[in-house]
Amino acid sequence: MSFNRDRVYQGSVEAATLRNTLNLWTWIDNEPVRSMIEQLNLQSAGVPADHTIQRDASGGANDGHISFGFDPATPVTTEPLPSGPSSISTNYSFDAAAGTGTATSVQQGGSFLTLHHPLQLSSDEGRGVELFDRLSAGPNRDRIADELLNHSHITGSLARDIRPLALAIAQRCITVTGGPTITATQDITSTPAFASTAPLAFFNSRNGITSFNQLYDDTRQRAWSLTRRKADIQKIALDRTADPYTAPLPPPDVDGLIQEFGASTSGISGGSGGTDTSNARLRQEVFRRPTTGFTPDSTVMGGIYVDRELQSNTDFLALYRYFLEPLGVSVDKWSMGVRGRSRTYTFADLFGGYNSTIATELKGSLGIDLSTSMADACDAMIPMVDSLFTTLPDSTRPGAVPKYTDIQRIFNKSCIECHGGLGYPPYHNYGTFLDLSEDEDPPTGDRRMTRSYDNAIAVTSPPSGTDVF
């Protein structure tokens, strides 16, 4: 499972999945897939013996069989029962709530192999972690900085320059003060001081809060929730009968790993077999990895899952959220991930580099010497921020609503750009009558959003007199 940080445990349904997927005979009737898998290096050269993955090429009865370094000498056709040096007991039911049912035992630890990157042969971090780190250390940081650099209009289709504000946060010209606990009152301060704190009422209103402390606490709690979200998503990968991304399609149209490959496993001790999808089986697959060497989660799961997210990022992320999201910057899409990870605003131990990249690009675009000290940069930034604050619209007036183009921009950024149009579940399962994608080739006289607006207006009634565009 991906959230085991590239570990494949002996006896797991993932081991069965890999054996089946990497066996070329599985694809005897699918030449394009077979030819691709045939070219893969199953494991990086030079890994320790117990981390090897090999394909039998003897031409005999076991031809094509996949063997792992932890296997016995006899080819494994059915994964053994999970075993480990330790065990836990949990009644978490993958429902985002503290467990109230019968607790079951989970074997933790035991034999495993790591899917290694060739440059990380001795590291506990595998291929997926290495790929994530490389993307985060370069392209994703550049993407975010470029978006800030080119963000020319704030919500309401008003031309405003948000670069000084973003740079002031990155350079710690704007900071968070207050106690270290989640219940402490958090305040915002600036160096030099804001000309007026009155504009904070605008940001409170746009964020739907009465104080910055509320958003600060929400940011930290979202980060805490990531491990629980990971476990819930991993459960759906194992058993997709309740997966909202495939609803309303019932099994067997969409199978999870257990339904598809569980027959090649022994399941769990006392279970009903390899295809058992009881909570006891799901817990065994999801919580197999011990938390040794990591910070256990702080969720309703009760400290049984690995948590790699750093709470030291909360100050910066809360400030970016508070000041930039009301102005149309999609801070919730900065983190790389799917199925809601970005909504947790989590970056593990990588976010320091994001601030550095943002500061470098925005300084250059604003004509500030990169060698300028932080104090001098703040002296230049805060007056620019004050100037921006004086031009903010009145978001508290009765009847103030976003324009259609504001909503469409958010929809494009949050859905269409990631999902390649609207042919992605669950949307396509319900038909395509409400096409809200931009028109790439609008008729003469129309704009890119005319079609989507017309489709939306057919099922809605905007307030009279509203400038919808």
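Going from atom CD1 of Ile162 over to atom CG of Leu327 covers 7.5 Å, rounded to the nearest 0.5 Å. In this structure, the separation between CG on Leu167 and OG on Ser365 is 8.0 Å, given to the nearest 0.5 Å.
In this structure, Tyr320 has its ring center no closer than 6.0 Å to that of Tyr322. Tyr305 and Phe287 have their aromatic ring centers within a separation under 6.0 angstrom.
A donor-acceptor distance shorter than 3.5 angstrom exists from the side chain of Asp6 to the backbone of Gly128, with no hydrogens or angles considered. Between the side chain of Gln284 and the backbone N or O of Ala280 there is no donor-acceptor pair closer than 3.5 Å. With hydrogens and angles disregarded, a donor-acceptor distance shorter than 3.5 Å links the side chain of Ser266 to the backbone of Glu79. Judged by distance alone, with hydrogens and angles left aside, the side-chain atoms of Thr265 form a donor-acceptor pair with the main-chain N or O of Gly262 at under 3.5 Å.
The side chain to side chain donor-acceptor pair (under 3.5 Å) check on Arg172 picks up nothing, with sequence neighbours excluded. Residues satisfying the salt bridge (charged side-chain N to carboxylate O under 4.0 Å, His left out) criterion with Asp218, sequence neighbours excluded, are Arg222, Arg321. For Leu131, the side-chain contact (heavy atoms from CB on, under 4.5 Å) test picks out Leu135, with sequence neighbours left out. Partners of Gln107 according to the side chain to side chain donor-acceptor pair (under 3.5 Å) rule, which considers only residues two or more places apart in sequence or in another chain, do not exist here. In this structure Ala103 satisfies the side-chain contact (heavy atoms from CB on, under 4.5 Å) test together with Ser89, Asn91, sequence neighbours excluded. Annotation: salt bridge (charged side-chain N to carboxylate O under 4.0 Å, His left out) contacts of Asp71 (sequence neighbours excluded): Arg19. Evaluation of the side-chain contact (heavy atoms from CB on, under 4.5 Å) rule for Thr185 yields Asp187 as partners, not counting sequence neighbours. For the side chain to side chain donor-acceptor pair (under 3.5 Å) test, residues two or more places apart in sequence or in another chain that qualify with Gln43 are Arg127. Scanning for salt bridge (charged side-chain N to carboxylate O under 4.0 Å, His left out) contacts around Asp124 gives Arg7, Arg289, with sequence neighbours left out. Residues satisfying the side chain to side chain donor-acceptor pair (under 3.5 Å) criterion with Ser58, sequence neighbours excluded, are Asp56.
For the residue pair Ser93 / Asp95, no side-chain donor-acceptor distance below 3.5 Å is found, with atom types taken as modelled. For the residue pair Asn213 / Ser211, no side-chain donor-acceptor distance below 3.5 Å is found, with atom types taken as modelled.
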Can you list, pair by pair, the side-chain donor-acceptor contacts under 3.5 Å of residues 114-121, counting residues two or more places apart and other chains?
from, atom 1, to, atom 2, distance (Å)
His116, ND1, Gln120, O, 3.0
His117, ND1, Leu119, N, 3.0
Gln120, NE2, Glu130, OE1, 3.3

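Ring geometry for Phe351 versus Phe347: interplanar angle of 30 to 60°, hence tilted.
For residues 45-55, no residue pair satisfies the side chain to side chain donor-acceptor pair (under 3.5 Å) rule, not counting sequence neighbours.
Side chains of Leu362 and Leu149 form a contact here, defined as non-hydrogen atoms less than 4.5 Å apart. Using a 4.5 Å cut-off on side-chain heavy atoms (C-beta onward), His151 and Leu324 make no contact.
Surrounding CG of Asn41 are at most 12 heavy atoms belonging to other residues, nucleotides or ligands under 6.0 Å away.
When all heavy atoms are compared, the tightest approach of Asn62 to Pro75 is ND2-CG, 3.4 Å. Annotation for Phe94 and Asp232: closest pair CA-OD1, 3.3 Å, computed over non-hydrogen atoms. Across Thr291 and Pro296, no two heavy atoms sit closer than the pair OG1-CG, 4.1 Å.
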